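Remarks on the structure that follows.
The chains referred to below are lettered A, B, ... by the order of the sequence lines, with proteins before strands, and numbering in each begins at 1. All of these numbers come straight from a predicted model, not from anything done at the bench. These numbers come from the heavy atoms of this one structure, side chains and all, not from hydrogens, waters or symmetry mates.
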Amino acid sequence: MLYKTETELMKKAQEAIGKTFNEIDQHDRLGKGQKGGFGHIIEESHFGYEINSNAEPDFKELGIELKVTAFKKNKNGTISAKERLVLNIINYMEEVCEQFETSSFWRKNQKLLLMFYEWQTELERGEFHIIETILYKYPEEDLIIIKKDWEHIVNKIKAGEAHLLSEGDTQYLGACTKGANKSTVRQQPYSDILAPQRAFSLKQSYMTSIMREYITKEKLTYFSSKKELLEKTIEELLYERFVPYIGLTQKEMAARLDVPYNSKNKAFIPKIISSLLGVKGTKLDQIAEFAKANIQFKTVQLKQSGIPKEHMSFVNINFKQIVEEDWEDSYIRNYFLETQLLFVVFQLNEQDELVFKGIKLWHMPMETIENGVLGYWEEIRNVVNEGVQFEITKRGIKNNLPDVKFNGILHVRPKGRNAADKTELPDGQLITKQSYWLNAEYVANILNEVR
DNA sequence: GCATGATCATGC
DNA sequence: GCATGATCATGC
């Protein structure tokens, strides 16, 4: 079946909206023991063409690649991409010979026919519905960044460091591992070290923003202009925006940016940030560059010694999940792989005022994730699997989860409404809600190079 | 003065 | 009511 125009193809695509995969599948691909994903079902049964794995786009006459991808509903009513969108495998030997315009990524993926289905854990796979379908062309602002990401990946291969590629290195376009297992490796041109096989991918955060734009109709705001993006990286633009305020107290910053100041209420800090970025009134998670690249901001208060006043908390641990997940798809690994933190750093001066010191855009190095964080994750699982031991002390209820001294990177500590705010462990015991915290000393080391 | 259990404030 | 970012409080 040939589709001659985009309109014709999209008309056909839209016929799938509202259908389940069971209704679409004509080749019993959902039956027991059958492999192959939803993409295969749509290709074969809905569009009626042969499955291939060419370097060319699926609908090659139109230069359109088909992708079937899932979103899930969050507890708060928003939606998120279930996963990153995995594109073509990177041939390290060949990609380095290309320009962006002739690259395998661009040739295959410049126009994407995206079909979104909702992932619902309580349903059988065949019961999932196609909810929306769109012909996606990258907005100009995004394409500038994607091109830089591609160049970053290729430059790393050119430096003989294909084995050191990491998803956290780039903003929207990533190089994610793809293979049967860790031993799936490939040759690289400028080093003898075999590198894990990787594919180009659109990051989960980037996919989430597409889905929110088209499914729940959310609008994002860019803080940077196309012109600026052409000349500078997001990181450079951020520094540029923040630099004029270095040395000012929080109160002075608020005054200069015309934001109401209240030393008791830290909510004015996000307001200061959106204001100095030039998008006053926009919530930080509605800033396009932040949402798409998954940049989360964190304020840090340094004591005069340069050590943060407090450890830094993250999400609460789901203990039932952590004992069941594999490391490769564990929550904490993915969080640090896919999240960039924007540290907004203040330091207490002699008058006990908080003075703006600078920012740092940071992601956790792969090595730290695969050693330190992995070790900590394993230890939590060990303790939970053996049954957490509690001890009542004068200061409260103590548990035997690995503490702040375990590896100098992160630890687990209570975080809830109060000590009675509890969650269930896999063995049925109750425990005060616990969160991951990055150790203050570790954060201090990260911030050594704050500009 | 840190370690660590407990708690606050806010937004949705 | 809950998640999240942030901070308090005190025994050691």
Residue whose closest nucleotide on DNA chain C lies nearer the 5' end, A/L354 versus A/N316: A/N316
First of A/K298 and A/K309 reached from the 5' end of DNA chain C, by closest nucleotide: A/K298
Members of residues 282-296 of chain A that approach DNA chain B, where some heavy atom sits under 4.0 Å away: A/K283
Closest contact, heavy atoms only, A/A175 versus A/I90: CB-CD1, 4.0 Å
Close aromatic pair by centroid cut-off 6.0 Å: A/F71 and A/F116: no
Within residues 203-217 of chain A: residues closer than 4.0 Å to DNA chain B (heavy atoms): none
Boundaries of the chain A footprint along DNA chain B (any atom under 4.0 Å from a heavy atom): B/dC2 to B/dC12
Cationic N near anionic O, under 4.0 Å, A/E424 to A/K320: yes
Side chains of A/W377 and A/E325, donor plus acceptor under 3.5 Å: yes
Aromatic ring proximity A/F268/A/Y261, centre distance under 6.0 Å: yes
Salt bridge (Lys or Arg N to Asp or Glu O under 4.0 Å) contacts in which one or both residues fall within residues 365-387 of chain A, not counting sequence neighbours: A/R333-A/E370
Greater than 12 external heavy atoms within 6.0 Å of A/Q321's CD: yes
Carboxylate-amine/guanidinium proximity below 4.0 Å for A/K11 and A/E15: no
Side-chain donor-acceptor pairs of residues 288-296 of chain A under 3.5 Å, sequence neighbours excluded:
residue, atom, partner, partner atom, Å
A/E289, OE1, A/F223, N, 3.1
A/E289, OE2, A/F223, N, 3.1
A/E289, OE2, A/S224, N, 3.0
A/E289, OE2, A/S224, OG, 2.4
A/K292, NZ, A/D142, OD1, 3.4
A/K292, NZ, A/D142, OD2, 2.7
A/K292, NZ, A/Y222, OH, 2.9
A/N294, OD1, A/Q296, NE2, 2.9
A/N294, ND2, A/E338, O, 3.1
A/N294, ND2, A/T339, OG1, 3.4

Modelled atom types, side-chain donor and acceptor of A/E441 and A/N439, under 3.5 Å: no
Distance-only polar pair, side chains of A/W437 and A/E310, donor-acceptor under 3.5 Å: no
Close residues, residues 389-427 of chain A, relative to DNA chain C [heavy-atom separation under 4.0 Å]: A/R395, A/R413, A/K415
Cation-pi check, A/K232 onto A/Y239 ring (under 6.0 Å, within 45° of axis): no
5'-most by nearest nucleotide on DNA chain B - A/K303 or A/T432: A/K303
Ring centroid separation A/F105 to A/F200 under 6.0 Å: yes
